[in-house]
Amino acid sequence: MAHASWRFRVSSDTGGTFTDLVVEDDAGEVRMFKSPTVASDPAAGLLNALDLAARSYGVDRAALLASTDLMVHGTTHAINAIITGATARTAFLTTQGHPDILTLREGGRVDPFDHQTAFPAPYVPRHLTFEIPGRVNWAGEVTRPLDEARVVETIRRLADKQVEAVAVCLLWSVSNPAHEERVGALLGEHLPGVPFTLSHALNPTIREYRRASSACIDASLKPVMSAYLGGLQTRLGEAGFAGKLMVVTSQGAMVDADEVARAPIKAINSGPAMAPVAGIHYTKGVGASADVIVADTGGTTYDVSLVRAGETPYTREAWIGRAHLGHMTGFPSVDVKSVGAGGGSIAWVDEGGVLRVGPQSAGASPGPAFYGMQRTMATVSDAALVLGYLDPAFFLGGAITLDRGASVRVLTDRVAEPLGLSLEEAAAAVVDVATENMVQAIVDISVDQGLDPANAVLIGGGGAAGLNSIYIARRLGCHTLLIPELGAALSAAGGLLSEIGAEYRKATFLRSEALDAEAARALIGELRDSAAAFARSAGVATDDLSLRFSVEARYPRQAWEIQVPLRDPALSPAGLEALVRDFHDAHLRIYAVNDPDSAIEVIGLAVRVSAGARAAPLGQVRWPEAARADGQRMIYLLGEGERSATVHRFESMPREETFRGPAIVESPFTSVVLDSASAFRITRDGSLHVDLMPGVAR
C-alpha cells in the first residue's frame with residue numbers, strides 16, 4: 001500500500017511492443033511495470049501501464065497521478081510518424097538555383113559500384129520545393145537582395161497546395177540569417193497557423209544538406225508531435241496528473257514537453273537515448289574507465305550504444321533508415337545503432353532456403369504465436385519458449401499464460417520442415433541468426449568508435465535481453481555481462497536518471513595557427529547567453545548549470561570533422577595547445593592515424609548545458625509478489641544441446657554469492673539464460689554480474 005503522503009516520480013518508454021513504466025516513491029523503492037503498446041494510440045498504452053502501477057500501490061490511477069511530481073516520457077511517436085508516412089504535408093523553401101539539395105545530398109552511396117539501387121526520393125518532393133530569389137555569400141554579405149514580393153507570391157501558392165508545414169533553408173544563413181528571418185516573418189503574416197522551421201535557428205551547421213534535411217524533418221513533425229504531446233498532456237491532466245511532463249531528447253537529456261513540440265526533431269531517438277543514460281549509472285559498478293556496450297533488446301528493435309570513460313559518444317551522422325538510403329537528421333544525438341531484431345522478430349526461410357530473422361516484427365499485436373492471436377509467424381520469443389528459456393506459466397509474473405503448442409506448430413511449419421531440422425535445432429537456429437544480427441550491430445558501432453568489443457563490458461537491457469545476451473557476449477569475446485536489476489526496463493530507468501539539458505551551437509571558421517581568439521571568445525559568450533536563457537526557461541538557477549564546451553574540428557582541407565572537448569573556453573595559449581593535442585589524440589583513436597605537426601581548422605563551437613544531475617542511486621527494486629520458487633528446468637543451449645538448468649529468482653538470490661551455469665535467472669519481466677561455462681552473482685546493487693571466463697585474467 002502507498003503511504004498517503006508519498007510522492008512519486010515516473011518514467012515511461014513507449015516501445016514498439018511494450019510500454020515500460022518505472023515508478024520511484026518516497027520510501028526509496030522502485031517498481032517496474034510493462035503493458036502492451038497500443039500502436040494506434042500510444043497514450044493508451046501509457047495509461048494502461050499507470051493502471052498497473054496504481055493497483056500495485058493499492059490506489060486508483062487518479063490518486064497515483066495526483067501524487068506524481070514528475071513524469072519523464074520517452075516516445076517513438078516521431079520516428080514512427082516518419083517511417084509510416086504520417087507526417088504533415090511539408091513545403092521546402094530554398095535559395096533560387098538550388099532546388100536539389102535534398103536530392104543530391106552529400107553524394108554518398110552504400111556501395112559505390114552498385115548502379116542498380118536507385119537513389120532515394122527526397123524527403124520533400126520537388127513539386128513542394130520552391131526557390132526563393134536572394135543570396136547571401138559565405139562571409140554573410142548580401143550579394144542579391146531578398147525578393148519579398150516573390151516570397152509572398154510563393155506563400156500564396158503554399159496555401160493553394162494545402163501545405164501543413166514549411167521548412168526554410170537558404171544558403172549561408174548560418175553566416176547571416178537576415179533573409180531566413182524575413183521569410184519566417186512573412187510566413188507568420190501570410191500563412192498564419194502553419195508551423196515553420198528556419199534552418200539557422202534549428203541546426204547552425206555549414207553543411208547545407210544536413211541543415212536542409214533537419215529543417216524539413218522538424219517542420220514535418222510539428223503538427224504531429226504538437227497534437228500527440230498536447231493530447232497526452234490533456235489526457236494525463238484529465239486522469240489526475242498535475243505535475244511536470246518532461247520528454248527525453250535524442251541527446252539523452254530531458255526538456256519540457258512544450259519544447260519538444262516546438263522542435264520535435266529533438267525527440268526522434270527519444271526512447272533509445274535513455275538506455276545509455278542508465279548505462280552510465282550502472283558503469284559505476286564496473287569502473288569509471290571501462291568501455292561499456294549498452295544493448296537494449298525490445299520486442300521490435302535492438303538498440304546499441306557505447307559508454308566510454310563515463311561518457312556517451314554523440315553523432316551528427318544519425319540516419320532515419322539505412323545510411324545513404326534513408327534521411328539524415330543532421331542533428332546531434334546519442335550514437336545509437338538500431339537493427340530490426342528483437343523478441344518479436346519474425347523468422348522465415350527465403351526462396352534460396354536461407355533462414356532469415358527480421359527485420360519484420362510481430363509487435364505487440366498480434367505478437368508471437370504463443371499469445372494465441374496468430375498462427376502463421378514464428379518469432380524469436382517462440383523459439384525461446386521452445387528451447388525452455390521462458391516459463392509459459394510465469395510470463396509477466398503469471399499475468400499471461402503462454403501457449404507452447406502454438407510456438408511448436410509455427411516453428412515446425414515455418415522453419416523446421418523447410419530446413420529439414422528437428423524442432424530444437426530449428427529453434428536454436430532462429431536464436432543463433434538473431435544473435436548474429438545483434439552482434440553485427442555491436443561490431444559496427446564499436447569499431448567505428450575505435451573500440452574492441454572484446455575488451456568491453458556488455459550491459460543487457462530490455463525484456464528480451466536475457467534470451468541470448470550470453471551468446472552475444474561470447475561471440476564478441478567479452479569477459480563480463482551485466483544485467484541490471486531494472487534491465488528489463490532499461491530505457492525507462494534512464495529517464496529517472498537523465499538530466500535537464502540541451503545543446504547550442506555556432507558555425508565559424510578558425511585556424512589554430514592564426515586563431516582570432518577575440519572572435520572565438522565572442523561566440524563562446526553567445527553560447528553562454530543561450531545556456532543562461534535555457535536555465536531561465538527551465539526554472540534552473542544559473543549556478544546549478546554544468547557547461548561542457550566542444551569544437552567541430554578537422555585537418556586543413558579534410559572532408560569531415562570530429563567533435564573534441566574544449567577544456568579551456570577562454571582559449572588561452574595553453575588551452576589552445578591542449579585543444580590541438582586533444583584533436584590529434586581523438587583522430588588517432590578514431591581513424592588509427594593522425595598528423596601531429598599539422599594545424600587544425602575549427603568549423604563549429606558548441607556548448608552542452610545540463611542541470612539536475614542525480615547524485616543518489618536509484619532505490620531498491622520492489623518485485624511483485626509471486627508464488628514461485630527456485631527449481632530445475634530442461635533447456636537447450638546453443639553449442640551444448642539439452643541440459644538441466646537450475647532456475648533462480650532475481651529477488652531471492654543472495655548478494656555476492658557466486659553460482660555456476662547452466663542456469664536460468666528469472667524475474668516477472670525477464671529470463672536470463674546462462675550457459676555451462678559461466679559464473680554469476682547478484683551484486684550489492686541488485687544487478688546480475690556474469691563472468692563468461694571465470695579464472696581467466698583480463
Side-chain angles (χ1 to χ4, degrees), residues 10-23 32-55 61 71-84 86 224-225 227-229 231-232 235-236 239 245 247-248 267-275 296-303 336 338-346 358-374 377 379-382 395-397 399-400 402 461-465 486-495 668-670:
V10 175
S11 177
S12 65
D13 173 37
T14 303
T17 303
F18 283 103
T19 294
D20 294 345
L21 192 75
V22 175
V23 181
M32 181 173 23
F33 308 92
K34 283 180 177 284
S35 179
T37 294
V38 181
S40 60
D41 184 8
L46 173 58
L47 292 170
N48 291 340
L50 287 166
D51 281 334
L52 296 176
R55 286 199 292 271
R61 187 175 68 191
M71 183 174 294
V72 183
H73 185 51
T75 176
T76 57
H77 195 69
I79 188 70
N80 288 344
I82 295 171
I83 292 172
T84 60
V224 176
M225 291 300 287
Y228 170 71
L229 292 172
L232 179 62
R235 290 170 71 175
L236 287 172
L245 177 63
V247 177
V248 175
I268 282 181
N269 277 333
S270 171
M274 295 195 291
D296 193 3
T297 313
T300 305
T301 60
Y302 186 70
D303 303 318
V336 178
S338 298
V339 294
S345 293
I346 298 169
Q360 305 90 342
S361 173
S365 179
F370 57 51
Y371 283 170
M373 291 188 287
Q374 57 90 7
M377 296 180 290
T379 69
V380 173
S381 292
D382 288 308
F395 193 74
L396 292 183
I400 300 175
L402 306 182
L486 284 169
L490 191 67
S491 289
F669 305 106
T670 193

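In this text the structure is predicted, and so the values were computed from the model without any measurement.
- In terms of the salt bridge (Lys or Arg N to Asp or Glu O under 4.0 Å) criterion, Arg55 has no residue partners (sequence neighbours excluded).
- The two residues Phe33 and Ala49 make their nearest non-hydrogen contact at CB-O, 4.4 Å.
- Pairing each heavy atom of Phe18 with each of Thr37, the nearest pair is C-OG1, 3.0 Å.
- Across Pro368 and Gln374, no two heavy atoms sit closer than the pair C-NE2, 3.4 Å.
- Asp296 places a side-chain N or O within 3.5 Å of a backbone atom of Gly462 that can act as its donor or acceptor partner.
- In this structure, Thr301 and Thr76 have side chains that are not in contact, with every pair of non-hydrogen atoms separated by 4.5 Å or more.
- Proximity of Ile268 to Ile82: side-chain heavy atoms (C-beta onward) are separated by under 4.5 Å at one or more points.
- Under the side chain to side chain donor-acceptor pair (under 3.5 Å) rule, His73 has a single partner from Ser11, Ser270, Ser12, which is Ser12.
- Within the 3.5 Å criterion, the main-chain N or O of Phe370 finds a donor-acceptor partner in the side chain of Asp382.
- When all heavy atoms of Leu232 and Ala43 are compared, the pair lying nearest together is CD1-CB, 3.9 Å.
- Between the side chain of Asp303 and the backbone N or O of Pro272 there is no donor-acceptor pair closer than 3.5 Å.
- Ring geometry for Tyr228 versus His77: interplanar angle under 30°, hence parallel rather than tilted (30 to 60°).
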Report task. Starting from the C-alpha separation in whole Å, work towards a yes-or-no answer on side chain to side chain contact (heavy atoms under 4.5 Å, CB included) for Met225 and Val247. Result -> CA-CA 12 Å; Met225 291 300 287; Val247 177; over 6 Å; no

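- Residues Asn269 and Ile79 fail the side-chain proximity criterion, which asks for heavy atoms closer than 4.5 Å.
- At least one side-chain heavy atom of Met71 sits less than 4.5 Å from a side-chain heavy atom of Leu50.
- One finds the CG atom of Leu245 at 7.0 Å from the CG atom of Leu229 (value rounded to the nearest 0.5 Å).
- When all heavy atoms of Gly45 and Val38 are compared, the pair lying nearest together is N-CG2, 3.9 Å.
- Remark: the backbone N or O of Ser361 is not paired with any side-chain donor or acceptor of Ser345 at under 3.5 angstrom.
- Without hydrogens or angle criteria, Ser381 side chain to Gly343 main chain gives a donor-acceptor distance under 3.5 Å.
- Between Arg61 and Leu47 there is a side-chain heavy-atom pair separated by less than 4.5 Å.
- Between Asn48 and Ser35, the closest heavy-atom pair is CB-OG, 3.4 Å.
- To the nearest 0.5 Å, atoms CD1 (Ile346) and CD (Gln360) are separated by 6.0 Å.
- Looking only at side-chain heavy atoms (C-beta outward), Leu21 and Leu52 stay at 4.5 Å or farther from each other.
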